Amino acid sequence: MPLQIWYQSGVDFDHHPGYRDALTRRFAEVASPGTTVSLHGTNKRFNRGLIVDDCISSPWSYQVTYIPMFFHALQEAERTGHGAFIIGSLSEPALREMRSLATIPVLTVAESAMLTACTVAPKTAMVTLSKQHAVYIRKALDIHRLDARILGIFTVDDVMTEAELDRSFDNPGPYIEKFKKAARVAIDQGADGIIAAEGMMAALMSINHVFEIDQVPLIDAVASGVLYAEYVVAMGQRAGLGA
């Protein structure tokens, strides 16, 4: 049965073409036959002209930009016949509230990757873009109560923006090596699995098929989101599962 999945990112793809193209290519690689994934970025009606770093740097700006934008996107997804909705932001805006509103499954790349990691690793490390992003990863861990399975949060850079990272899609090698260096710190401290815990970073790793670092699995957050959405939809159709 055909399935259409709405994937809602928190970035403006007009300014991040490398990220857009990487996600589109990865969706085509991992989605099952009959599944299509429609990719959506920030809506200018809601982001008030702010770039993503401005939206997430202040709790107030986050509330007045991201939250209404994601609610609107969910309603559009349901109106247009999508069977599942993926929150492609690791910050997981208003997840519980969105699930209370939705009539279709609402998934997140963060939760999907962490639950997938539980199938292969007793202790997983979250490796994220910068210290600014680490705050949102901590929030996700608190929401999902998965601290016992997460070794810790590690950062590649103290300060790094998505605009800088987007340029790495044309020349991914240097950044992949920086990511591996940060991941090896986690592995030395006992990590049995690694999650690239930022959307653009996860896409960069997955589209370049970086699936392990020193024989430690790197969980593909992009693939986890799509395949977990397919699974939850199947559970609803075949086993009556619903929020």
Side-chain angles (χ1 to χ4, degrees), residues 1-10 19-20 22-41 70-122 124 126 140-141 143-146 148-150 192-199 202-203 205-207 209-212 217-243:
M1 185 174 179
L3 170 63
Q4 194 169 12
I5 299 171
W6 182 296
Y7 190 104
Q8 182 63 48
S9 174
Y19 184 29
R20 177 196 59 217
L23 285 175
T24 301
R25 287 164 52 203
R26 192 64 180 142
F27 294 158
E29 290 177 350
V30 302
S32 300
T35 296
T36 57
V37 185
S38 58
L39 178 61
H40 302 266
F70 272 82
F71 274 117
H72 174 77
L74 175 60
Q75 291 170 325
E76 280 297 296
E78 293 188 308
R79 186 185 66 81
T80 52
H82 288 73
F85 185 95
I86 297 175
I87 298 175
S89 170
L90 272 291
S91 66
E92 298 184 328
L95 173 59
R96 185 168 182 265
E97 292 81 1
M98 291 179 73
R99 282 178 171 160
S100 74
L101 171 72
T103 59
I104 60 175
V106 177
L107 294 305
T108 84
V109 291
E111 183 183 34
S112 300
M114 287 189 284
L115 293 175
T116 301
C118 288
T119 68
V120 295
T124 297
M126 310 291 280
L141 294 181
I143 289 173
H144 299 299
R145 300 173 185 263
L146 285 168
R149 300 298 295 271
I150 302 298
D192 304 295
I194 301 291
I195 294 173
E198 192 276 334
M205 298 301 139
S206 65
I207 202 61
H209 296 174
V210 182
F211 299 138
E212 61 87 21
L218 174 62
I219 290 82
D220 184 341
V222 177
S224 295
V226 173
L227 297 175
Y228 205 74
E230 292 183 348
Y231 164 73
V232 174
V233 169
M235 283 293 293
Q237 293 171 343
R238 303 174 200 174
L241 177 68

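Here, residue 1 is the first one in the sequence, and each next residue gets the next number. Remember, predicted model here, so these are calculated numbers, not experimental data.
- Of all non-hydrogen atoms in Ala110 and Leu90, the two that sit nearest each other are CB-CD1, 3.3 Å.
- From Cys118, atom SG reaches atom CG of Leu146 across 5.5 Å, with rounding to the nearest 0.5 Å.
- When all heavy atoms of Val233 and Gly83 are compared, the closest pair comes out as CG2-O, 3.6 Å.
- Looking only at side-chain heavy atoms (C-beta outward), Asp192 and Thr124 stay at 4.5 Å or farther from each other.
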* To do: Would you check, one step at a time, whether the test side chain to side chain contact (heavy atoms under 4.5 Å, CB included) holds for His40 with Tyr7?
  => CA-CA 6 Å; His40 302 266; Tyr7 190 104; 6.0 Å; no

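- Summarising the local packing, OH of Tyr231 is surrounded by 12 or fewer heavy atoms from other residues, nucleotides or ligands at distances under 6.0 Å.
- At least one side-chain heavy atom of Arg26 sits under 4.5 Å from a side-chain heavy atom of Asp220.
- For Phe211 and His209, the ring centers are positioned less than 6.0 Å apart.
- Between the side chain of Ser112 and the backbone N or O of Val109 there is no donor-acceptor pair closer than 3.5 Å.
- No hydrogens or angles considered: a donor-acceptor pair under 3.5 Å links the side chains of Glu92 and His144.
- Between Val30 and Val222, the closest side-chain pair of non-hydrogen atoms is not below 4.5 Å.
- Rounded to the nearest 0.5 Å, atoms OG1 (Thr116) and CG (Leu227) are 8.0 Å apart.
- Gln4 contributes no side-chain N or O that, together with a main-chain N or O of Val37, makes up a donor-acceptor pair within less than 3.5 Å.
- Side-chain polar atoms of Ser38 and His82 form a donor-acceptor pair below 3.5 angstrom.
- For the pair Thr108 and Ile86, the minimum side-chain heavy-atom distance is 4.5 Å or more.
- When the salt bridge (charged side-chain N to carboxylate O under 4.0 Å, His left out) test is applied to Arg99, the partners found at least two apart in sequence or on another chain are Glu111.
- With contacts defined as side-chain heavy-atom distances shorter than 4.5 Å, the pair Phe85/Glu78 does not qualify.
- Rounding to the nearest 0.5 Å gives a distance of 9.0 Å between CE of Met235 and OH of Tyr228.
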* Would Ile219 and Met114 satisfy side chain to side chain contact (heavy atoms under 4.5 Å, CB included), going step by step from the backbone distance to the final call? -> CA-CA 8 Å; Ile219 290 82; Met114 287 189 284; over 6 Å; no

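- Residues Trp6 and Gln8 bring a donor and an acceptor atom of their side chains to less than 3.5 Å of each other.
- Between Thr35 and Glu230 there is a side-chain heavy-atom pair separated by less than 4.5 Å.
- Summarising the geometry of Ala121 relative to Arg149, their closest heavy-atom pair is O-NH2, 3.0 Å, with the distance given to 0.1 Å.
- Of all heavy-atom pairs between Ala202 and Ala221, the closest is CB-CB, 3.9 Å.
- In this structure, Phe70 and Ser89 have side chains that are in contact, with non-hydrogen atoms separated by less than 4.5 Å.
- The distance from atom CG of Leu3 to atom OG1 of Thr36, rounded to the nearest 0.5 Å, is 7.0 Å.
- Here Phe27 contributes atom CZ and Ile5 contributes atom CD1; the two are 8.5 Å apart, rounded to the nearest 0.5 Å.
- Taken to the nearest 0.5 Å, the CE atom of Met98 stands 11.0 Å off from the CG atom of Leu107.
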